[in-house]
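Computed from a predicted model, the values in this text were never measured in an experiment. Hydrogens, waters and symmetry mates play no part in the numbers below; they use all other heavy atoms, side chains included. Protein chains get the first letters and strands the later ones, always in sequence-line order, with residue 1 at the start of each.
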Amino acid sequence: MCRQRLAVCPPLDVRFPRFGVSFHPQHQIGFRMSVRTRFAPSPTGYLHIGGVRTALFNWLLARQAGGQFILRIDDTDQQRNVSEALQPILDGFRWLGIDWDEGPGVGGPHAPYFQSQRDGYYRAAVRKLLDCGAAYRDYATSEEFQAERQSAEKDKRIFEYSRRWMAETDSQAAEYEGQGRSAVVRLKMPREGKCEFVDLVRGPMSFEWINEADHVIQRADGTSLYNLASVVDDVEFGITHVVRSIEHLANTPRQVFIFRALGADVPHFAHLSYVAEPGSQNKLSKRKIAQYLKNPDFKRVYDEGVEIVERIGATHSADSFNPVLVEFYEQVGYLPPAINNYLLLLGWSLDDKTEFFTREEMIRSFSLGRVIKSPASFDPQKLVAFQAHYMNQLEVPAKVDAVLPYLEKAGLVSQTDEATRKFVERIVRAADQRLVVAGNILQFRDFFVDDGRIERDESAFDKRIVQPAEAGHLLSEFKKLIVGAPDFSAATLEQLLHEFVARFQIKINQIIHALRVALTGKAVGFGMFETMEILGRDRCLQRLDSALERLETARTRTAR
RNA sequence: GGCCCCGUCGUCUAGCGGUCUAGGACACUGGCCUUUCACGCCGGUAACACGGGUUCGAGUCCCGUCGGGGUCACCA
């Protein structure tokens, strides 16, 4: 078995000495030149937010070191259509700008990058492991193996497999096969000593070999299992840093065993805590959305998303439309830098105050040593805060670009000529910070439709127009005024209204709320004069007429 | 249950023995601004899981307890 040679210098990290001086990077002689990291998704059909974080950290590490980030597809156990199930994952990464140097779609020197197509490598590795005595053919049935384990558990003994059905020679194997048995290949794990390695986020790790079972690495049908395939690929691809979720921590000793038995360098490991549910320490799961929806913050984000996709006539099944998945954010109109920045800070921080990172700053500042060890729970509300920040940073033309597809899909805009862009731009400017996600533009749909198709808030109409005795009179007087307005700019309109208020000796509140409801159908919206300017004189007059008519109807109805 | 990991405001976190009567951010909340809403500005509530050590001194080191989580597959 080859001695573990600690390779590579991990990115310099000031906090690293917390693990003891002997693990300081300076003490590790690096003879690999670059950093190679990987993310290995299973083609599940969706991209989980926790997976993105893991991928992001891997990507960051590679980019920082000028190394490579590799996407490998763990589809050894896949029944469904792989390419179909992979698409959302690749799309998600592309959307977020997490690009890979090798993998699906881009190829690379170690192709193929699908485990289902790498069986030859795994079989060769199994051969090698068998030859050097690190693995053996086990002819026990699954039941026989389980029975031994359970009896050990019952007696509260450490389970030490008897290896009774181990075939050490071909003739033994033939004999077992004659009995109708078939073999799996198991790791012949050491039974004394410890497996020690340094976890780049957790520090020195030590596991007693005796607690490790003889894991199966190859099924009876000859196909390989995860632990083997993963290690073989990491060796083949020259992976230097294995950064993955903590559920793999317990797999690490057996993988270290395989690395060593294969005579390969053991990569650096870094185990990230999982992303937890909002307000809990449980692992975030896409299936538990119904439960998360009881959380008001989560629900708010979700409901807003639903409203947007319904307006654009898109489907929103829980399979893809779920705030646990990145597809959700893409559909609703979040910005990739917001997602990346939020995820960066979920389990990592630079210091006590830096919150916002450009792509370059992220790459420059990231370090495994500052990754937090405890689970971090996902807070959609905080993600929204980052989104609001990045949306606000966007130049108006970029916002228009972001918003236009929503207007088109909702059928509010049919062509994107210059005039349309100009009009949308005015709304975007007026909406200002009310536009948090691109899909929010649909809240202002009434600027795009005829009077008859406005969505009206009836209670606002009642409160602001029907109830106040003077509202109707004031509105019709104001209407007369704007018919003759010299121009229809916000500034002129504001001046007109102020004159109007002075002339009738009223407070501005007495007219402006009624005016807003009359013109927009709603009690809330952006600046009144900007609203009027955008609507233009004709539409304002038309909507005022229609409001007055509706008032008349309401009055006669109550009079009866 | 065995083995392993984790435990600072509701949440994300700073903290590496004195600078911590614990700092920042999100959320919540009081006020200001204001034609509504949003933004913005000023302020507030709110945390070292518990118990023992070590030390002149512990959020920080050690031990234990409790709590949370992972893993013990011919899944990944």
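Within the nucleic acid shown, A:I158 has no heavy atom closer than 4.0 Å to any nucleic acid atom. When heavy atoms are screened at a 4.0 angstrom cut-off, A:A385 is found touching the sugar-phosphate backbone but no base atom. As judged by a 4.0 angstrom heavy-atom cut-off over every strand, A:A523 is placed among the base-contacting residues. Using a 4.0 Å heavy-atom distance criterion, A:F526 is classed as a base contact. A:G527 comes within 4.0 angstrom of a nucleotide base, judged by non-hydrogen atoms across all strands. As judged by a 4.0 angstrom heavy-atom cut-off over every strand, A:Y274 is placed among residues touching the sugar-phosphate backbone only. In this structure, A:D432 reaches neither bases nor backbone, as no heavy-atom distance under 4.0 Å exists between it and the strands shown.
Comparing the P positions of B:rC63 and B:rC4 gives an interatomic distance of 13 Å, to the nearest angstrom. Separation of the C1' atoms belonging to B:rG30 and B:rU45 is 10 Å when rounded to the nearest angstrom. Separation of the P atoms belonging to B:rC3 and B:rU65 is 12 Å when rounded to the nearest angstrom. The C1' atoms of B:rC61 and B:rU55 are separated by 10 Å, rounded to the nearest whole Å. When the P atom is compared between B:rG23 and B:rC48, the two are found 13 Å apart, to the nearest whole Å. Comparing the same atom, C1', in B:rC56 and in B:rA47 gives a spacing of 28 Å after rounding to whole Å. With P as the reference atom, B:rC26 and B:rG43 are 14 Å apart, rounded to whole Å. Atom C1' of B:rC50 sits at a distance of 7 Å from the matching atom of B:rC66, rounded to the whole Å.
Comparing B:rA14, B:rU71, B:rU35 by their closest approach to the side chain of A:S349 singles out B:rA14. Considering only the side chain of A:D379, B:rG10 comes nearest among B:rC74, B:rG10, B:rU35. In this structure, of B:rG1, B:rA76, B:rA14, it is B:rA76 that holds the atom nearest to the side chain of A:L225. For A:A250, whose side chain is taken as the heavy atoms from C-beta onward, the closest listed nucleotide among B:rA76, B:rC74, B:rU71 is B:rU71. Candidate nucleotides B:rA76, B:rC6, B:rU36 were compared by shortest atom distance to the side chain of A:R516, and B:rU36 ranks first. The side chain of A:V524 lies closest to B:rU36 when the candidates are B:rU36, B:rC3, B:rA76. Considering only side-chain atoms of A:H513, the nucleotide from B:rU36, B:rC3, B:rC26 that sits closest is B:rU36. In this structure, the nucleotide among B:rC74, B:rU35, B:rG10 sitting nearest to the side chain of A:V216 is B:rC74. With B:rC6, B:rC74, B:rC4 as the choices, the nucleotide that has an atom nearest any side-chain atom of A:L249 turns out to be B:rC4. Set against B:rU35, B:rC5, B:rA76, the side chain of A:H248 has B:rA76 as its closest nucleotide.
Ion pairing of A:D303 with A:R300 is absent here, as no side-chain N (NZ or NE/NH1/NH2) approaches a carboxylate O to less than 4.0 Å. A salt bridge does not link A:R426 with A:E530: none of the charged nitrogens is closer than 4.0 Å to a carboxylate oxygen. With respect to A:E144 and A:R164, no salt bridge is recorded, no charged nitrogen being found less than 4.0 Å from a carboxylate O. Classification of A:K188 and A:D214 as a salt-bridged pair fails, no side-chain N sitting under 4.0 Å from a carboxylate O.
Projected onto RNA chain B by closest heavy-atom contact, A:G279 and A:K283 fall at different nucleotides, the more 5' of which corresponds to A:G279. Taking the nucleotide of RNA chain B with the nearest heavy atom to each of A:S273 and A:Q433, the more 5' of the two is matched to A:S273.
Rounded to an integer number of Å, the gap from CD of A:Q393 to P of B:rC39 is 16 Å. Nucleotide B:rA76 holds its P atom 16 Å from the CZ atom of A:F114, rounded to whole Å. When the P atom of B:rC74 is taken as reference, atom CZ of A:R186 falls 6 Å away, rounded to whole Å. Put simply, CD on A:Q387 is 15 Å from C1' on B:rC39, counting in whole angstrom units. Atom NZ in A:K353 sits about 14 Å away from atom P in B:rC26, given to the nearest Å. Atom CE of A:M205 and atom P of B:rC3 are 16 Å apart (whole Å). The separation between A:L272 atom CG and B:rC5 atom P is 16 Å, rounded to whole Å. The nearest whole Å value for the distance from the CD atom in A:Q150 to the P atom in B:rG2 is 17 Å.
Figure legend. B:rU54 is base-paired to no nucleotide; pairs are counted as Watson-Crick or G-U wobble with both atom distances under 3.5 Å. The partner of B:rG2 is B:rU71, by the rule that a Watson-Crick or G-U pair needs both atom distances under 3.5 Å.
One finds a side-chain N or O of A:R219 lying less than 4.0 angstrom from the OP1 or OP2 phosphate oxygen of B:rC75. One finds a side-chain N or O of A:N282 lying less than 4.0 angstrom from the OP1 or OP2 phosphate oxygen of B:rG69. Taking 4.0 angstrom as the limit, A:T76 places none of its side-chain polar atoms (N or O) nearer than this to OP1 or OP2 of B:rC75.
Contact annotation: side chain of A:K382 to base of B:rA25, donor-acceptor pair present below 3.5 Å. In this model, a side-chain donor or acceptor of A:R434 finds a partner on the base of B:rC37 within 3.5 Å.
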Could you check A:F39 against A:F93 for ring-ring contact (aromatic ring centres under 6.0 Å, His included), going step by step and ending with a plain yes or no?
CA-CA 11 Å; A:F39 181 69; A:F93 283 134; 5.7 Å; yes
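Side chains of A:T520 and A:R516: no donor on one and acceptor on the other come within 3.5 Å.
A cation-pi arrangement is not found for A:R254 relative to A:F257, the charged atom failing to lie both closer than 6.0 Å to the ring centre and inside a 45° cone about the ring normal. Stacking of A:R191 on the aromatic ring of A:Y161 is not recorded, the 6.0 Å distance cut-off and the 45° axial limit not both being met.
Considering CD1 of A:I339 and CG of A:L56, their distance stands at 11.0 Å, rounded to 0.5 Å.
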